[in-house]
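What follows is a short report on a single structure.
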Amino acid sequence: MSIINAPRGTRDILPGESWKWSYIIRTASEAMNDFGFSEIHLPIFEHTELFSRGVGETTDIVEKEMYTFNDQGGRSITLRPEATAGVMRAAIENNLCVQGASAKLWNWGPMFRHERPQKGRYRQFYQIDAECLGIPNAAADVEVIALSIEIFRRLGLKNLEVVINSVGCEKCRPIYREKLLKYFEAHKNNLCETCLNRLERNPLRILDCKKEACGLIAEGAPDIYDSLCDECREHFAEVRAGLERLGFAYKLNKRLVRGLDYYTKTAYEILSGDLGAQNAVAGGGRYDNLSSAIGGGKIPGVGFACGLDRIMLVMEEQGCSFGKAPEVLVYSVTLDDSSRPAVQILTHELRKNNIAAACDTSGRSFKAQMKSASACKFACIIGPDELAGNSASIKNLQDGSQVLVALKDIPDYIKNLSRICHA
Ligand code: AMP
């Protein structure tokens, strides 16, 4: 371990990448707005019990992936491994869904899971998350799925696949669980060690084991669709009809159970063909029992989270556009030391006029300053002659043309020029 290396599974998002992140978040935020979702900001740490009760004691996340510690007051605290439980907690605490009210909320930020790092899998990763609370109807599921697809459409992601399933509810899942348990018991000798451990605790999780031998056994497992109660069956049919109505292609995957216990009815993922093993760019579903599991009343919910790190990987891979990189429009340059104060004032005036401007602050030569200016559209050059005339020479660095402009007129002059350049 070296203290000048970031901890394993974490990384720095440096300037070359950070503006692309901002673009993704801006695009997602606009889509959220258009779908009527409001942004919220939540704590990055919560009481450990929120996740153990909300996400589920038998999930990988709670069993082995959480960053949990006791704070100075002896309370068990966990860095959030996912956003949904925190959003639900906030909705309960702040009475956002009382008397049948609904809330459409989104947020983004870092999540923490102690997983084995690999391409697209980090210990600190970033999610964009949307949750629709208070509405039990399938139309809300459709809206949430449509929102996630719309974000990816706006970002220009191609080659995606929407996979959906129903995982039943508290009425029908126990029956299915029993059927599964019986089936897997009979194949116990061929299951991997992890699945053997899951057998009693959470046999549904065996369905999505990535090991080949377990996968083959899971293929022959009882079908969840045969166990769904009428309500879940109807809900699922409505979700599917809704997606079809909006023209979305999707695949059914009866083995998609996802790693979080709180899902009821709809579970879905959006997969990318350009990601390798960690191919899910988004995952979500309905969680009608989460609220009661964490001590709130009955608040149904449906939502999704997409992985910002993975969206970024796919967009780079597919050559998607990130919009325009931020750039400094004007670089002000001194010919000699006597005009340094004038350059400083001019740069300040330009910035006050919302013009992206920069100048040298380390006393470099004219040549070195012009080199920095070459990355900009205009250079404002001030030497003794310009200074005497309260003016600057404005050099258009694209066509090399140069004009003398009074200092006080420069902001308007640049605004007009850049308007013409952009026209
Ligand atoms: P989940 O909360 O597990 O349903 O994950 C939702 C989405 O978050 C996934 O589809 C991924 O895009 C992303 N994600 C989950 N875990 C990680 C991780 N360890 N590193 C990077 N992205 C992740």
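Values reported hereafter were calculated over all heavy atoms of this structure, with side chains retained and with hydrogens, waters and symmetry mates removed. Both counts, for ligands and for their atoms, begin at 1 and track the order of listing. Everything quoted here is computed from the prediction, not taken from an experiment.
With no hydrogens or angles considered, no side-chain donor-acceptor pair links His235 and Asn137 at under 3.5 Å. Side-chain atoms of Tyr262 and Thr84 form a donor-acceptor pair, as typed in the model, at a separation below 3.5 Å.
Listed by chain and number, Arg113, Glu115, Gly120, Arg121, Tyr122, Phe125, Gln127, Arg258, Leu260, Ala280, Val281, Ala282, Gly283, Ala305, Gly307, Arg310 each place a non-hydrogen atom less than 4.0 angstrom from ligand 1.
Looking only at distances, a side-chain donor or acceptor of Arg310 sits under 3.5 Å from a matching main-chain atom of Gly120. Listed for the Tyr287 side chain is no donor-acceptor partner under 3.5 Å among the backbone atoms of Ala85.
Between Phe236 and Tyr225, the ring planes lie parallel to each other; the angle is under 30°, not in the 30° to 60° tilted range.
Between Val98 and Asn95, the closest heavy-atom pair is CG2-O, 3.6 Å.
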